[in-house]
Amino acid sequence: MALTALDVFKHLPKTNCKDCGFPTCLAFAMQLAGKKVELDKCPHVSAEAKAALDSASAPPVKLITVGTGEKKIEIGNETVLFRHEESFYHETGIAIQVSDSLSVEELVENVRIINKKSYERVGFEIAINIVAVKNDSGDAATFTAAVSAAENASDLPLMLICDDAQAMSSAAEKIKASNPLLYGVNAANVDAMAKVAADLGLPVVVSADLDSLPELAQKTVQAGAADIVLETVADSFSKTLSNLTQLRRAQLKKNFRAVGYPMLANAVDTENAQMETNRAACFVAKYASLVVLSSCDDAHMLPLLTVRQNIYTDPRKPVQVEPGLWEVGDVGPDSPVLITTNFSLTYYTVEGEVSASRVPAYILVIDTEGTSVLTAWAAEKFTTDMIAAKLNEDGGAKDKVKHRTAILPGQVAVMTAKLKDESGWDILVGPREAMGIPRYLKSLSI
Ligand code: SF4
């Protein structure tokens, strides 16, 4: 059970010294019980009290790290059921499965394909996170060779899928320095597999049906495997999704410590890549911290990674680009000047269409606090005086081009006359939608 603010208060020094940034110990206790601050903000708490308060200060979903170095992935530590309540913090890891039944050459080729699955979207790189090597061969030596080959061919973290503890131990021992995720523990192998994870100090997946999962997870932790990831085994997609939701509610609403770990969902469907992607997207939304797939075609991976990026963007901080004058292509003094806002999605949509037109152009990006054109205009963050000032800024558009013509987004054509008066520039009305930009720019004569 979660501790209440009063339970927490009993363990604090009660001096109201304010060193934690709160006016009283009770105020700090209320924040701590609500998991809004960390216990170490109070420098005066005793070691005994710290131990007693561990359950109040620990996150409801433990943070687990897989891999090492730049490509490591952290999963868990979520605090809300719904993104709009605050934000989701650690995006779902995407793991692509490769089989040890392939020849080593084929396996390495597949791993290299996975390595390359990285895309740029709205200024960010979105990519696959984990290579999952599956022991389909049933042979320990083959599995170890495949795992070693995958590790050599990729700097992505690895997941080792094998239910034989001895085979897992041999393979994991070889690459333990890279902190792979073991998959894993089930009811039949719990003692042996938990011991492998504990001995090697590696994170491990615990798989069971919803009813058995808390007990199996406890047993694994008691065996010394402190970092675990949960998988609910169910006979249908809808049941798995329902289980993930129940577990997340148990973590956050009931503070049920036995299941306070990130969750994995297996979306693998080797017969139907589209269905696999659809399921994975649902698991990303609710509430998997790690999803395993078998296919990484661009046609499926890009939409999935886009869904993940959208869900794991902090809704309180619109994704923005730097305001200013951006150059697209080999611009010169005759290049057109387009005006837009600094909402990343808007900017990169415009930039993509300008690039596609092959007409070198300047894009004047106005600081609208990361809002789109119409939203910014309605909120008076995209005003004629702001745009006029930027068009005439020293070292900006007026010094880069010899003409005095700028293109306003078609959605805000209503601003044209006033902007023309205030800026002294000729204002053209551009297309209402960015997809009209290539044709528009090609037909332009400034
Ligand atoms: Fe109380 Fe500790 Fe905060 Fe001081 S720093 S007010 S003792 S909780």
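Numbering of ligands and ligand atoms starts at 1, following listing order.
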TODO: Tell me which part of Lys14 gets within contact of ligand 1: side chain, backbone, both or neither, using heavy atoms under 4.0 Å.
DONE: neither
Task: Cys25 backbone or side-chain N/O/S under 2.8 Å from atom 4 (Fe) of ligand 1 - done: no
In the protein, which heavy atom is nearest to [atom], and how far is it?
| atom | answer |
| --- | --- |
| atom 4 (Fe) of ligand 1 | Cys17 SG, 2.3 Å |
| atom 7 (S) of ligand 1 | Thr15 OG1, 3.3 Å |
| atom 3 (Fe) of ligand 1 | Cys20 SG, 2.4 Å |
| atom 2 (Fe) of ligand 1 | Cys42 SG, 2.4 Å |
| atom 8 (S) of ligand 1 | Phe28 CD2, 3.6 Å |

Open item on the list: Taking 4.0 angstrom as the limit and counting only heavy atoms of Pro13, give me the atoms of ligand 1 inside it, by number and element.
Closed with: 7 (S)
- [ ] Output the list of atoms in ligand 1 that are nearer than 4.0 Å to some heavy atom of Asn16, sorted by atom number.
- [x] 6 (S)
Task: Parallel, tilted or perpendicular: rings of Tyr347 and Trp326 (30°, 60°) - done: tilted
- [ ] Flag the pair Ile113 / Cys296 as yes when at least one side-chain heavy-atom distance between them is below 4.5 Å, and no otherwise.
- [x] yes
Ion pair present between [X] and [Y], side-chain N to carboxylate O less than 4.0 angstrom?
| X | Y | value |
| --- | --- | --- |
| Lys176 | Glu173 | yes |
| Asp367 | Lys381 | no |
| Lys134 | Asp100 | no |

- [ ] Identify which one of Val133, Asp136, Ile161, Asp164 satisfies the side-chain contact (heavy atoms from CB on, under 4.5 Å) criterion when paired with Phe143.
- [x] Val133
Open item on the list: Is the positively charged end of Lys14 above the ring of Phe9, judged by distance under 6.0 angstrom from the centroid and angle within 45° of the axis?
Closed with: yes
